[in-house]
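Just so we're on the same page: letters track the sequence lines, and every chain starts at 1.
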Protein chains: 2
Amino acid sequence: MFDFTIEATSGPARAGRLALPHGTVETPAFLPVGTQGTVRALSPRDLQAVGAELVLANTYHLHVRPGEAVVAKLGGLHRFMAWDRPLLTDAGGFQVFSLDGFREVREDGVEFQSHVDGGRRTLTPERAVEIQWTLGADIAMAFDHVAPGGADVATARDALDRTLRWLERCARRHRELSDSRTAGRPDGKAFTVRPSDSPTVRQTLWPILQGGAHLDLRAEGLRRILELGSWTGLAIGGLSVGEPKRVMYDMLEALEPRLPGDLPRYLMGVGFPADLVAAVERGVDLFDCVAPTRHGRNGSAFTPDGPVNIRNAEHREDPRPLDATCDCETCTTFSRGYLRHLFVAEELLGLRLLSLHNVRFLIRLAAEMRAAIRARDFPRWADAWRRRYTQTGSA
Amino acid sequence: MFDFTIEATSGPARAGRLALPHGTVETPAFLPVGTQGTVRALSPRDLQAVGAELVLANTYHLHVRPGEAVVAKLGGLHRFMAWDRPLLTDAGGFQVFSLDGFREVREDGVEFQSHVDGGRRTLTPERAVEIQWTLGADIAMAFDHVAPGGADVATARDALDRTLRWLERCARRHRELSDSRTAGRPDGKAFTVRPSDSPTVRQTLWPILQGGAHLDLRAEGLRRILELGSWTGLAIGGLSVGEPKRVMYDMLEALEPRLPGDLPRYLMGVGFPADLVAAVERGVDLFDCVAPTRHGRNGSAFTPDGPVNIRNAEHREDPRPLDATCDCETCTTFSRGYLRHLFVAEELLGLRLLSLHNVRFLIRLAAEMRAAIRARDFPRWADAWRRRYTQTGSA
């Protein structure tokens with residue numbers, strides 16, 4: 001369980017296969033984001049149709065509403081969402097540090113204000129792990145302290161050190177829960193809900209590497225994470241948080257030779273097409289991002305020739321599909337003219353159809369990258385892809 | 001083409017089959033409403049999955065946006081919506097008379113203010129027919145003057161007389177268009193788009209009976225409509241516009257023996273479950289209404305035990321389906337607890353899942369009525385259905 005097999009490489013790019021309790025994920029892979037236990041505007045059937053193999057949900061959001069106890073009573077996150085394939089839950093650190101409102105970081109954890117009811121709540125490393133255990137995703141993430149994009153060395157070091165101390169606490173609590181199926185909750189009551197339907201332990205915990213834009217901090221953080229335990233995967237956090245793209249690419253390039261070769265590498269929060277290609281070139285295996293659904297709801301569609309704004313008047317009478325190369329329901333069924341009408345007329349179906357296409361676009365992009373890596377042809381493929389994608393005016 | 005065959009009766013209730021250019025419709029039938037060329041929150045695949053056989057779109061809305069010329073350039077309404085089964089277009093009278101804003105009724109037609117850009121536009125009987133011809137639905141409706149629900153005799157007679165004069169003009173124009181595939185437009189240019197992909201004439205025009213709540217006016221209107229031509233169907237308009245339910249039921253009951261037995265009878269704008277049953281009992285064959293999708297978007301679901309408001313706290317941890325008797329995606333996949341979460345968290349998927357279920361509910365209701373009529377058991381079935389539906393507190 002949680003085995004990662006690399007099947008082919010092409011330079012630093014890797015094509016692999018990650019075995020999880022609820023199924024196998026072929027990498028490189030894009031994870032659609034189901035923040036509140038639903039990928040916005042899409043159904044589980046839609047996700048299956050576009051080839052999603054691993055879906056992310058947010059611990060912070062589900063804890064605040066409806067609460068993990070409700071999810072557990074409704075059979076756990078897989079049953080709740082009606083998604084019987086692999087799930088990953090983000091620990092909530094990124095949300096606590098990026099949402100508006102009061103927050104106070106203490107060594108124990110973070111006190112913050114719920115965006116739903118304004119009430120004060122505290123998330124500690126232990127609580128974040130317990131909530132994720134109750135939700136029951138295949139992969140849980142450690143609770144981290146995310147520093148802002150342009151943080152100086154002192155701020156980034158403080159956040160990194162705290163993230164590492166919190167990682168130890170997360171790992172300890174996760175081990176306790178894994179060792180005992182009726183481990184105690186902080187209030188002394190026993191867990192009544194197991195993390196999954198299997199009698200064996202079926203959740204793994206992944207650490208998150210922080211360190212801002214400072215390579216020495218990142219390298220130190222990586223070394224200390226690997227000293228802390230034997231992990232089944234490794235996430236890179238704190239990138240794509242406002243810094244220039246070049247900084248992210250350079251950091252990935254510098255980190256790549258230092259990363260253990262046998263662990264899946266998950267670059268959190270990255271999901272623009274060109275970033276996926278650049279990151280796979282630098283050895284990344286997994287990605288998640290709200291961009292395809294958020295942009296889709298705004299009428300912006302990914303295409304091999306770059307983004308298309310479907311609201312533009314030029315699409316008014318255009319009988320062509322959004323993306324002639326795409327096999328999704330949107331592209332095989334509807335004209336650009338109709339899709340534009342849906343957006344101009346503010347019809348709900350438009351939000352769904354562009355979200356569906358954008359998610360399919362990133363999943364197909366990952367599949368194309370896999371194929372190019374297997375053909376040992378990734379550098380050439382990536383150059384050709386980039387030439388077409390950055391070409392403007394041809395869509 | 002446009003043949004209506006009655007296959008069974010049970011009292012005034014009829015089970016039939018209406019042959020249309022794009023397919024056959026089994027009656028009684030409920031028509032989902034795609035006001036702007038899309039049934040709100042649902043895709044054509046959803047409509048197919050819930051068993052929709054005939055879908056309604058609105059001439060007024062499509063004329064105002066994107067305009068029938070755009071729809072024609074994109075291949076006509078069927079292709080535009082990606083719905084290759086039967087379509088019916090409402091002529092726009094109801095919209096012009098019910099939407100807010102300026103309107104002036106003249107003998108020629110109605111001048112009104114577009115709800116999109118506020119611009120003044122005029123719809124005449126001829127234009128309404130031409131627009132519908134350009135859209136290319138299987139069934140076009142005559143342009144009528146709808147009087148308000150509580151209209152007195154004088155107002156109702158005025159609207160009825162005008163509706164009948166307009167019907168003559170609609171029928172004349174429709175005949176001209178049917179007789180000549182390149183009939184002239186008002187601006188003198190020839191039509192470049194045929195109403196459908198077939199070389200034969202593939203659109204029929206149905207009259208709308210008005211007369212308010214006045215049986216003598218309705219009876220006179222019916223007689224004059226039947227004198228004006230040989231129709232393939234007959235619509236009953238101006239009911240369910242604010243008058244008490246009893247008035248509508250009594251009117252249908254009084255009209256039924258006067259209606260030609262061999263024409264499909266279409267009660268416009270009616271779509272609450274109990275109204276469908278009551279109207280089928282009084283010999284109606286077809287219905288349309290925005291209620292299932294509008295109520296669905298508000299979190300209200302039809303069930304055999306009466307409506308359920310999914311936002312209610314009682315559903316918070318309820319693992320049961322919305323309607324245990326239903327075979328739709330919503331009911332076979334998700335718990336009430338999850339559906340409530342989607343609504344409380346304002347997730348788009350909730351709007352779609354309840355719309356889907358409500359449309360399926362009415363289509364299944366129509367299918368159950370067909371079965372009961374075929375079994376010559378409709379009165380008993382209707383009583384049993386009503387006893388359960390009006391029972392409260394058991395859902």
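For A/Leu356, no part sits under 4.5 Å from any heavy atom of chain B, backbone or side chain. For a residue to count as touching a neighbouring chain, one of its non-hydrogen atoms must lie under 4.5 Å from one of that chain's; by this rule B/Leu339 does not touch chain A. Contact annotation for A/Leu342: only side-chain heavy atoms (C-beta onward) come within less than 4.5 Å of a heavy atom of chain B. Heavy atoms of B/Glu347 lying under 4.5 Å from chain A belong exclusively to its side chain. Only the backbone of A/Asp318 comes within contact range of chain B, with at least one heavy atom under 4.5 Å from a heavy atom of that chain. The contact between A/Arg297 and chain B is made entirely by side chain atoms (from C-beta outward), counting heavy-atom distances below 4.5 Å.
Residues A/Leu74 and B/Gly337 come closest through the heavy atom pair CD1-CA, 3.7 Å. Closest approach of B/Arg65 and A/His341 over heavy atoms only: O-CE1, 3.3 Å.
Counting heavy-atom neighbours within 6.0 Å of A/Phe94 CZ, excluding the residue itself, gives a total of 12 or less. Within a 6.0 Å sphere centred on CZ of A/Arg294, heavy atoms belonging to other residues, nucleotides or ligands number 12 at most.
Classified by interplanar angle (parallel below 30°, tilted 30° to 60°, perpendicular above 60°), the ring pair A/Tyr338/B/Phe80 is perpendicular.
Note: B/Leu42 leads B/Val71, B/Leu42, B/Leu353 in heavy-atom pairs under 4.5 Å with chain A. Of all the listed residues (B/Pro44, B/Gly37, B/Ser335, B/Ala345), the one sharing the greatest number of non-hydrogen pairs under 4.5 Å with chain A is B/Ala345. Comparing B/Gly350, B/Ala41, B/Pro319 by how many heavy-atom pairs each has under 4.5 Å with chain A, the most go to B/Ala41. Chosen from A/Thr35, A/Val116, A/Val70, the residue pairing most often with chain B at heavy-atom distances under 4.5 Å is A/Val70.
A/Arg352 is not listed as a side-chain neighbour of B/Leu348, based on a closest heavy-atom distance of 4.5 Å or more. Side-chain contact check for B/Thr333 versus A/Arg45: some heavy-atom pair is nearer than 4.5 Å.
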Report the C-alpha separation of B/Gln36 and A/Val344 in whole Å, then their side-chain angles, then the decisive distance to 0.1 Å, and conclude whether the side chain to side chain contact (heavy atoms under 4.5 Å, CB included) test is met. CA-CA 11 Å; B/Gln36 304 194 97; A/Val344 172; over 6 Å; no
